[in-house]
Amino acid sequence: MQEKQIPAYSPAEVESAARRYWDDSQAFKAVEDPGAAAARPKYYCLSMFPYPSGKLHMGHVRNYTIGDVLSRYHRMRGFNVLQPMGWDAFGLPAENAAIKNAVPPAKWTYDNIDYMRQQLKALGFAIDWSRELATCQPSYYRWNQWLFLRMLEKGIAYKKTQTVNWDPVDQTVLANEQVIDGRGWRTGALVEKREIPGYYLGITQYADQLLDDLDTLDGWPERVKTMQANWIGKSTGVRFAFGHDIRDESGALIGDGKLWVFTTRADTIMGVTFCAVAAEHPLATHAARDNPELAAFIEKCKHGSVMEADMATMEKEGLPTGLTVVHPLTGEAVPLWVGNYVLMSYGDGAVMAVPAHDERDFGFAKKYGLPVRQVIAVGDNAFTTDAWAEWYGSKDGVCMASGKYDGLTHSAAVDAIATDLADKGGEKKVQWRLRDWGVSRQRYWGCPIPIIHCDHCGDVPVPDDQLPVVLPEDCIPDGSGNPLLTRDDFINVACPKCGAAAKRETDTMDTFVDSSWYYARYCSAGNDGAMVDARTDYWMPVDQYIGGIEHAILHLLYSRFWSKVMRDMGLTTVGEPFARLLTQGMVLNHIYSRRTDKGGIEYYAPEEITPIRDDAGRITGATLIADGQPVDFQGMGTMSKSKRNGVDPQALIDTYGADTARFFMMFASPPEQTLEWNDAGVEGAHRFLKRVWAFAQGYVAELRAAVPAASTLEGAKLPVALAELRRELHLVLKQASYDLGKQQFNTVASGSMKMLNALEKAPREGRQAAEVIGEGLSMLLRVLSPICPHITHVLWRDCGFGDDILRAPWPEPAESALVQDEIELMLQVNGKLRGSLRVAADAAKDAIEAQALASEAAQKFMEGKPAKKVVVVPGRLINIVC
RNA sequence: GCCGGGAUGGCGGAAUCGGUAGACGCAGCGGAUUCAAAAUCCGCCGCCGCAAGGUGUGGGGGUUCGAGUCCCCCUCCCGGCACCA
């Protein structure tokens, strides 16, 4: 078939031609079209914007290809599609780069954006670039500041103290990431906890809505909704107080003589054998005054981590205060302890301890020899204090050794006890795990918090007409604190109220603020007069949001919260920003590191090391190629700049083209699944595209002329081979459309391979053959086009199917092509596959049974025994039980 | 530690409702083409077995005519844990 010279597949030529066409025709510019909402519904397809870390990695390629496939598919289905792109441009890595290379974060960030934008363009994503934004632009972040001020007015934003990691040597606040084994990443100094003032957003005011509205999110994965619900953590319990007579020096009762606690297990109240308070609790402070050992312990608690994971895994320790509190029901004196596992920030910073029925209390009691008192019985289970058993914590038991409450179930006992505690101020209470959102960061590269501190007027909001408070872009952080502190031109300002000399706030906002509303800003791109406008009402909510599972809780919860705030302020009409969510699995790669002499961690790229493997091929260690010395293998982890394990797609694009990179990424696995990076198989993807190219060009050269202008296939009598070919093509198409509907793109890719396999084996003689092949090829190109838009764009035109595949309708399988006269059923005997049976497609159950029992395979394996039962699964199989 | 998810050939993965395990690829093996190689094409390819057959979806148990799929227990891996984004 190679008599005529077929042009070779040249990805570079094909891809630049396709992109030129899209650019010239402004193919992806999205225009609001509210009048045609019924005929041409909008489809807002959004992928999480990247942090401009330097280069794209394969996780980005996966994320944005998924979004692009969905965008292009919906476009072919007749939707008015918006797919924007921007940059989550503030953040810590820019400061780290500045520390390392003395480059201003602004320059580093903008250079990275330029490089990564060009990479995104090279991948051929159908993005409306006219809406591009970067969160470090004053035109964007002024609206962070503006909405922050509105929240302040409404009491949603407020100021209180926050706990931070403090590096005593660098005299600076550290991010959790910068604390390694309790020490500062650069100084190696023991990190201290420090209380400093900061601004908070009252996300807990929306806790109920954030929880309840999860039920409306039908397009979200269950696992994400479960994680969010658990994070919000609504628990119903009882808040009550242990009485005491502990007084400070002035003789005043501390806390009015009440030690407040919250418990979800009030039914175990008769099993309380001690109480524990946080190190920061006023009673702990009081007890430590004349107790040096306790004071030292409290001091020790103030070091150490602020991270929940560390709190949960650390050794539970405590010291008695020597004080006692009074059990509210028994009047018994209960010893009071200080425990390092009690959090001041959760509830009242104090817990009642029931060692018999709480695993943590049990461990603590065993360690310090405190009494354990069983008050819940579950069936006949025998209780011993030797070791913790799972049932001790069960809510399915009844009270015992609890006086009048004996025999009551969990909920009945909680109710009765709450009633009995009521006259002492106890009450049933809903407690949330969710905490308010601390947004102050003691960092330079972020959005300035628009507050001015005046000696006379206090904290004064910056007036709207002075927004934005612009961040100076020429600072170079050196790791020893926020450089804004030394920028007099930034700090010194007149108080907006009294005009006296005043100081600007130097804290900046958490970058999660930036990403909490960018989706709304894309819609109203370019509006300098308002945060959002009517265009946002047209596009919102996002119809399909795509991003990594790593954002399942924080980013998505903050965005949902921010949306509700904007709605309540009348800025938008939408309370849930993302109608449908696809959480992409992480793309993993090997992580190698070494500890530095200061106790920090230095990471090495996989290409810089030689792995050491055991007999099973597992990596156990590695050496650095540069010096031959060992490095640690840290396992697999998400590709990231900071761990230096990202794989840049550039080499792939340069060698094989964007279509191959996109196809390979989609083919590798279903989108939600974690993917360990491995480029074996890229060649196979490329080989497939070369075959598609050659086949289509062969069709142009040999068959196209024989294909009639109007299809004659529907209802036509085809030769068996052609009918079977056409059936297979339409069957694969049907499957591919189904798979696209469930967002399983790997099988869409393999479906396109199956179509090509079928087409290549097809008979090529006669008009009908040419027509079936032409139909199949046009289906193949359209199914493949969302994944490989460049090659399919060029081939669509070359094959004469039309000018622009973007405007081609998604192909529909012809049901008439799928019908069969005869089908094959699997034959099992006692559940084991023993053969198969061909029967008429409409054969009756009795007839099938008879045919099955008479078959040679059945006779052989039934060994003369009578059939006890015959199971017939229509269209599938027969199972003879004997 | 807690919350969420995952584990299927040498590798990536497929199997829509409990009904043919391994689609489609990669790697490998054999062959064709070639002076040779690359590229391309054809065939084979879970494991054990000459075969008949047996066996097999991380491990252990259960439900069922039938389990990768449902239930219970366990192991390992990944994501999150509020200042990485």
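Both backbone and side-chain heavy atoms feed into the values below; hydrogens, waters and symmetry mates do not. To find a chain, count down the sequence lines: A is the first, B the second, and so on, and within it residues start at 1.
- Rounded to a whole Å, the CD atom of Q828(A) is 8 Å from the C1' atom of U20(B).
- The side-chain hydrogen bond (donor to acceptor under 3.5 Å, both in side chains) check on D510(A) picks up W437(A), R441(A), with sequence neighbours excluded.
- The interatomic distance linking N340(A) (CG) with G1(B) (P) rounds to 17 Å, in whole Å.
- Nucleic acid contact for L92(A): sugar-phosphate only, since backbone atoms but no base atoms lie under 4.0 Å from a heavy atom of the residue.
- Considering only side-chain atoms of S750(A), the nucleotide from A82(B), A23(B), A85(B) that sits closest is A23(B).
- Ranking C81(B), G19(B), A85(B) by closeness to the E308(A) side chain, first place goes to C81(B).
- A sub-4.0 Å separation between OP1 or OP2 of A85(B) and a side-chain N or O of T511(A) is present.
- Using a 4.0 Å heavy-atom cutoff across all strands shown, S836(A) reaches no nucleic acid atom at all.
- The CD1 atom of I546(A) sits 7.5 Å away from the CG atom of L46(A) when rounded to the nearest 0.5 Å.
- When each of S642(A) and G635(A) is assigned the nucleotide of RNA chain B with its nearest heavy atom, G635(A) is the one assigned upstream, toward the 5' end.
- For residues 826-837 of chain A, the side-chain hydrogen bond (donor to acceptor under 3.5 Å, both in side chains) pairs, not counting sequence neighbours, are E824(A)-S836(A).
- Rounded to whole angstrom, the span from the CG atom of D358(A) across to the P atom of C2(B) amounts to 12 Å.
- RNA chain B contains the following stems of three or more consecutive Watson-Crick or G-U pairs, with both distances under 3.5 Å: B:1-7 with B:75-81, B:10-12 with B:24-26, B:28-32 with B:40-44, B:46-48 with B:53-55, B:58-62 with B:70-74.
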Distance-only check: which donor-acceptor pairs under 3.5 Å involve side-chain atoms of residues 871-878 of chain A, not counting sequence neighbours?
none

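- In terms of the side-chain contact (heavy atoms from CB on, under 4.5 Å) criterion, residue partners of K734(A) (sequence neighbours excluded) are, by chain and number, P813(A), E815(A), L818(A).
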Identify every side-chain donor-acceptor pair in residues 665-676 of chain A under 3.5 Å, counting partners at least two apart or on other chains, and give the distances.
residue, atom, partner, partner atom, Å
S669(A), OG, R62(A), NH2, 2.8
E672(A), OE1, T583(A), N, 3.4
E672(A), OE1, T583(A), OG1, 3.0

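- Between L434(A) and A207(A), the shortest heavy-atom distance links the atoms CD2-CB, 4.1 Å.
- Residue contacts for I880(A): at a heavy-atom cut-off of 4.0 Å it reaches no nucleic acid atom on any strand shown.
- Residues passing the side-chain hydrogen bond (donor to acceptor under 3.5 Å, both in side chains) test with Q743(A) are Q544(A), sequence neighbours excluded.
- Taking atom CD1 on I591(A) and atom C1' on C84(B), their separation rounds to 13 Å, with Å as the unit.
- You'll find that the side chain of E177(A) is closest to C84(B), out of C84(B), G25(B), C65(B).
- Between L343(A) atom CG and A82(B) atom P there is a gap of 11 Å when expressed in whole angstrom units.
- Checking G79(B), C65(B), G1(B) against every side-chain atom of N879(A), the shortest atom distance belongs to C65(B).
- We find that CE of M311(A) is positioned 18 Å from C1' of C3(B), with the value rounded to whole Å.
- If you check every strand for non-hydrogen atoms under 4.0 Å, W437(A) touches nothing.
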Could you list the donor-acceptor pairs under 3.5 angstrom formed between side-chain atoms of residues 170-182 of chain A and any protein atom two or more places apart in sequence or on another chain?
residue, atom, partner, partner atom, Å
D170(A), OD2, R186(A), NH1, 2.8
Q171(A), NE2, P168(A), O, 2.8
N176(A), OD1, N165(A), ND2, 3.0
Q178(A), OE1, A175(A), N, 2.8
D181(A), OD2, R595(A), NH1, 3.2
D181(A), OD2, R595(A), NH2, 3.2

| request: Go along nucleotides 4-16 of chain B 5' to 3' and tag each nucleotide: B for a protein heavy atom under 4.0 Å from its base, S when only backbone or sugar atoms are that close, - otherwise. | output: SS-----SBSSSB
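- In this structure, E390(A) places its CD atom 9 Å from P of C73(B), rounding to the nearest Å.
- Y545(A) pairs by the side-chain hydrogen bond (donor to acceptor under 3.5 Å, both in side chains) definition with Y518(A), H555(A), not counting sequence neighbours.
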| note | For nucleotides 40-64 of chain B, 5' to 3', base contacts (B), sugar-phosphate-only contacts (S) and non-contacts (-) with protein non-hydrogen atoms under 4.0 Å give SS----------SSSS---------
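- For the pair Q162(A) CD and A82(B) P, the computed distance is 14 Å after rounding to whole Å.
- Look at N96(A) and you won't find any side-chain N or O under 4.0 angstrom from OP1 or OP2 of C84(B).
- When the side-chain contact (heavy atoms from CB on, under 4.5 Å) test is applied to H590(A), the partners found at least two apart in sequence or on another chain are Y592(A), I619(A), F633(A), M636(A).
- For the pair K316(A) and F364(A), the cation-pi criterion (under 6.0 Å, within 45° of the ring axis) is not fulfilled.
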